[in-house]
Amino acid sequence: MLLRELMVAHEEGRAVAVHNNRSDPSQYEVAFVQDVHELQVTLQCLTPRGESDGVTVMRMDDIFRVDIDTAYCRKIELLSQYTESVFEKSTQVPNGEMNEVLKAAKSANQIVHLLDYSEFGPTGFVEDVGRDFVTIRRISQNGEPDGMATIGLDCIASVHVGRRSEQIIDFLYRYNVDLRKLLES
């Protein structure tokens, strides 16, 4: 059955998650199947950013699970198809205090990632910046709207704008939300 699933993924050009580490089933390779036979499979591996990450050849006997068409596989496959579009942007952020950076991100409609002092925080578009707070229209890791978050400026340890991770979320948001709106109108 695993061989057949890998053959179908190869024929359809779909990304799959291949598990071959029985001692740690949470580890896997997301990849496109380059070649598959009864004895082995050749995978074009992908990073979590959808970038090419070399080739891996695995023995079929070592593979115990293949995930196909999961949300994560679809995300990586999409990022792989549009890598040039995802990472082509340069980010211009003014120097200054945190609230000025947040206001600039709001004006530019850029995704930000805020971290509090426990290194946790929301990712999304800046909705409002007050004297002592910021409100973020949250966007999930899959690029979907995820509610609102308001946080005190004195609780923010760092603001990230324009890193690869924010660029990925921005691309996925525009693909999932903006494109859907365009198609529905």
Short side-chain to backbone donor-acceptor contact, [X] and [Y], under 3.5 Å:
| X | Y | answer |
| --- | --- | --- |
| Asn142 | Glu144 | no |
| Lys103 | Met98 | no |
| Asn21 | Pro25 | no |
| Gln44 | Gly54 | yes |
| Thr70 | Asp67 | no |

Please report the C-alpha distance between Arg163 and Glu166 in whole Å, then the side-chain angles of each, then the deciding distance to 0.1 Å, and finally whether the salt bridge (charged side-chain N to carboxylate O under 4.0 Å, His left out) criterion is met. CA-CA 5 Å; Arg163 294 179 315 162; Glu166 287 86 43; 2.8 Å; yes

For a 4.5 angstrom cut-off between non-hydrogen side-chain atoms, does [X] reach [Y]?
| X | Y | answer |
| --- | --- | --- |
| Arg138 | Thr123 | no |
| Val41 | Val57 | no |
| Leu43 | Gln34 | no |
| Val86 | Ile168 | yes |
| Leu46 | Phe32 | yes |
| Tyr72 | Val30 | yes |
| Glu51 | Thr83 | yes |
| Leu114 | Val134 | yes |

Report whether [X] and [Y] are members of the same hydrophobic cluster (ILVMFWY, side-chain heavy atoms less than 4.5 Å apart, transitive linking).
| X | Y | result |
| --- | --- | --- |
| Val161 | Ile111 | no |
| Val126 | Ile156 | yes |
| Ile151 | Met148 | no |
| Ile139 | Leu172 | no |
| Ile63 | Val33 | yes |

Which value, rounded to the nearest 0.5 Å, describes the distance between [X] atom [atom1] and [Y] atom [atom2]?
| X | Y | atom1 | atom2 | value |
| --- | --- | --- | --- | --- |
| Phe133 | Cys155 | CZ | SG | 13.5 Å |
| Leu102 | Gln110 | CG | CD | 11.0 Å |
| Thr150 | Glu127 | OG1 | CD | 9.5 Å |
| Arg22 | Gln27 | CZ | CD | 14.0 Å |
| Leu6 | Arg14 | CG | CZ | 13.5 Å |
| Phe125 | Thr135 | CZ | OG1 | 15.5 Å |

Taking everything shown except Tyr82 itself, do over 12 heavy atoms lie less than 6.0 Å from its OH?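 No - once you tally the heavy atoms of other residues, nucleotides and ligands closer than 6.0 Å, there are 12 at most.
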
Closest contact, heavy atoms only, [X] versus [Y]:
| X | Y | value |
| --- | --- | --- |
| Arg131 | Leu153 | O-CD1, 3.6 Å |
| Gln40 | Met60 | N-CG, 3.6 Å |
| Glu77 | Gly13 | OE2-O, 4.3 Å |
| Pro145 | Val177 | CD-CG2, 3.7 Å |
| Ala157 | Asp116 | CB-O, 3.6 Å |
| Cys45 | Thr56 | SG-OG1, 3.2 Å |

Could you go step by step and tell me if Gln141 and Ile169 meet the side-chain contact (heavy atoms from CB on, under 4.5 Å) rule? CA-CA 6 Å; Gln141 295 297 307; Ile169 293 170; 3.4 Å; yes

Under the criterion side-chain contact (heavy atoms from CB on, under 4.5 Å), I'd like the reasoning laid out for Val101 against Glu97: C-alpha separation, chi angles, the key distance, then a yes or no. CA-CA 7 Å; Val101 171; Glu97 294 190 28; over 6 Å; no

Using the rule given for side-chain contact (heavy atoms from CB on, under 4.5 Å), can you reason through Asp69 versus Arg74, listing the C-alpha separation, both sets of side-chain angles and the distance that settles it, and then say yes or no? CA-CA 6 Å; Asp69 202 32; Arg74 288 191 307 269; 3.2 Å; yes

Testing the 3.5 Å rule here: is there a donor-acceptor pair between the side chains of Asp35 and His37? yes

Residues Val129, Asn99; criterion side-chain contact (heavy atoms from CB on, under 4.5 Å); working and verdict: CA-CA 7 Å; Val129 181; Asn99 62 345; 4.0 Å; yes

